[in-house]
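Just so you know, these numbers use all the heavy atoms, side chains as well, and skip hydrogens, waters and symmetry mates.
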Amino acid sequence: MRRRDVIAGLGGAVAWPAYAAAPAKGQRRLGILLVYGEAHPDSPVIVDTLKESLKRAGWIWGQNLAVDLHYGNGDAERMRAQAEEILARQPDVVLAQGVVGATALQRATTTVPVVFMMLQDPVGGGFVTNLSRPGGNLTGFTNFDFVLVGKWLQLLKELSPGVTRALALINPDYRARLAGYTAEMARIGPELGIEARIAGVHDAAEIESAVTEFAARPEGGLIALPDAVTGVYGQRIVDLAATYRLPAVYAYAAPVRLGGLAAYTTSVEQDVQRAAGYIDRILRGAVVGDLPVQASERFITLLNLTTAATLGLTISPSLMAKVDELVE
């Protein structure tokens, strides 16, 4: 394996109860609402990275920091109930993953500080009114702008130059996000010679139906847009792409390590570390509305060589030079 940048995880999974013991005197409380399920490969990375990052800032889980951790497994209704359970424990700050997690907390409280991560279009989605001074009780970190659609389509074309059709998968329920991705695909697709469209999906059955219908015609490729549904059902998308021999590009790294072809993404560890910095500042007295929303600055490309070989793809030297992590 050749790596231009080494991306290291932080050990194995740690089992944390959904409810921690009542805070001792002087303890602060952190709520965590994750979109993923506990079995998702990124879940232990998120939990361990957050734990270690806060420890370096002086916050020790179970000692001076009580932690309530919930896994939503992509279920919006479940996460709304979990948000209420977290707030009932009177946290000092809550970490919310993704659009689904941030939406659940936004609907549940206007006063408790919420730090979001892995979220797109915070202004258009109504989470904050201003990026530099969010006001309100939410702030945090975005990972993908809509212009990243161009990167994903370009990567798909570089991997498989014969692709003339692309199907992008995402949960359609968050209208501002859907509109943003749809507009960008309509703009950039023709420039690359790709007829690109979005399929709205909510579960494994809808994913299978959309991909099966799409695969009936040749010269197609898939894009799994960043979303709780595509994240939770990442392995199913990987399996369907393999079944129909479709080149597929993912917004996150985990599917590539599970057999997906390629991803252009951010480092989960870095996303969590940055969120931990805001959690630390809020616990030390910073006003959440004064902390600016920040965007990811570094992106990485992953390529699964075994999957590329199985699809009969020839990787050009120019594309290989862009790859940060090779999976074999």
Side-chain angles (χ1 to χ4, degrees), residues 33 35-36 72-80 96-107 116-129 131 138 140-156 165-192 194-214 220-234 236-237 240-241 246 248-252 255 263-266 293 295-296 299:
L33 182 57
V35 167
Y36 296 148
N73 203 32
D75 187 328
E77 288 297 328
R78 176 181 179 181
M79 293 180 72
R80 278 193 279 272
Q97 182 191 9
V99 171
V100 183
T103 297
L105 267 304
Q106 183 187 41
R107 291 175 176 175
F116 54 73
M117 65 177 186
M118 302 180 186
L119 181 144
Q120 303 86 46
D121 192 24
V123 174
F127 297 103
V128 300
T129 58
L131 296 179
L138 282 82
F141 299 86
T142 68
N143 51 1
F144 303 121
D145 191 85
F146 297 137
V147 297
L148 266 294
V149 165
K151 289 287 188 179
W152 293 320
L153 285 172
Q154 183 179 18
L155 179 56
L156 183 62
R165 303 164 52 243
L167 181 71
L169 304 171
I170 197 169
N171 181 343
D173 293 345
Y174 300 90
R175 308 305 297 178
R177 184 181 64 174
L178 177 65
Y181 281 125
T182 300
E184 190 63 19
M185 290 184 72
R187 184 187 72 82
I188 199 67
E191 296 180 12
L192 297 171
I194 297 176
E195 176 190 340
R197 66 180 179 87
I198 289 179
V201 293
H202 298 90
D203 53 35
E206 291 186 1
I207 291 170
E208 182 165 358
S209 177
V211 173
T212 299
E213 179 184 357
F214 177 78
L222 298 178
I223 297 177
L225 293 172
D227 178 60
V229 172
T230 57
V232 169
Y233 297 105
R236 186 64 187 129
I237 297 171
L240 287 165
L246 293 169
V249 170
Y250 302 84
Y252 290 109
Y264 184 75
T265 186
T266 61
V293 175
S296 295
F299 295 85

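Contact of the Asn171 side chain with the His202 side chain is registered, since non-hydrogen atoms from C-beta on lie closer than 4.5 Å. In this structure, the side chains of Val201 and Ile170 stay at 4.5 Å or more apart for every pair of heavy atoms. Arg80 is listed as a side-chain neighbour of Arg107, based on a closest heavy-atom distance under 4.5 Å. No side-chain heavy atom of Thr182 sits under 4.5 Å from any side-chain heavy atom of Met185. In this structure, the side chains of Leu153 and Val249 stay at 4.5 Å or more apart for every pair of heavy atoms. Contact annotation: the side chain of Thr230 never approaches that of Tyr252 to less than 4.5 Å [non-hydrogen atoms, C-beta and beyond]. Between Phe141 and Leu119, the closest side-chain pair of non-hydrogen atoms is not below 4.5 Å. Inter-residue side-chain proximity for Phe127 and Asp121 is flagged as unmet; no heavy-atom pair is nearer than 4.5 Å.
The shortest heavy-atom contact between Ala166 and Leu156 is CB-CD2, 4.0 Å. When every heavy atom of Ala248 is checked against every heavy atom of Ala241, the shortest pair comes out as CB-CB, 4.1 Å. Taking both residues in full, the closest heavy atoms of Arg78 and Gly72 are given as CD-O, 3.6 Å, listed atom of the first, atom of the second, then distance. Closest approach of Ala210 to Ala199, counting heavy atoms only: CB-CB, 4.0 Å. Nearest heavy atom pair, residue Ile198 against residue Leu225, reads CD1-CD1, 4.1 Å. Ala176 and Phe146 get closest at one heavy-atom pair: O-CZ, 4.0 Å.
Of the inter-residue distances, the one linking Arg236 atom CZ with Leu169 atom CG reads 12.0 Å to the nearest 0.5 angstrom. Distance CD1/Ile223 to OH/Tyr264: 13.5 Å, rounded to 0.5 Å. Glu213 CD to Leu167 CG: the interatomic distance, rounded to the nearest 0.5 Å, is 9.0 Å. For the atom pair OG of Ser296 and CE of Met118, the computed distance is 9.0 Å after rounding to the nearest 0.5 Å. Of the inter-residue distances, the one linking Thr266 atom OG1 with Met117 atom CE reads 10.0 Å to the nearest 0.5 angstrom. One distance of note links CD of Gln120 with OG1 of Thr142; it measures 8.0 Å at 0.5 Å rounding.
Listed for the Gln106 side chain is a donor-acceptor partner under 3.5 Å among the backbone atoms of Gly126. Judged by distance alone, with hydrogens and angles left aside, the side-chain atoms of Ser209 form no donor-acceptor pair with the main-chain N or O of Ala205 at under 3.5 Å. No side-chain donor-acceptor contact under 3.5 Å links Asn73 to the backbone of Asp75.
Looking at Asp227 and Tyr233, their side chains never bring a donor and an acceptor atom within 3.5 Å of each other.
Among Leu222, Leu240, Ile237, the one residue that satisfies the side chain to side chain contact (heavy atoms under 4.5 Å, CB included) test with Leu246 is Leu222.
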Review point. Yes or no on side chain to side chain contact (heavy atoms under 4.5 Å, CB included) for Trp152 and Tyr250, after CA distance, side-chain angles and deciding distance?
Key: CA-CA 8 Å; Trp152 293 320; Tyr250 302 84; over 6 Å; no

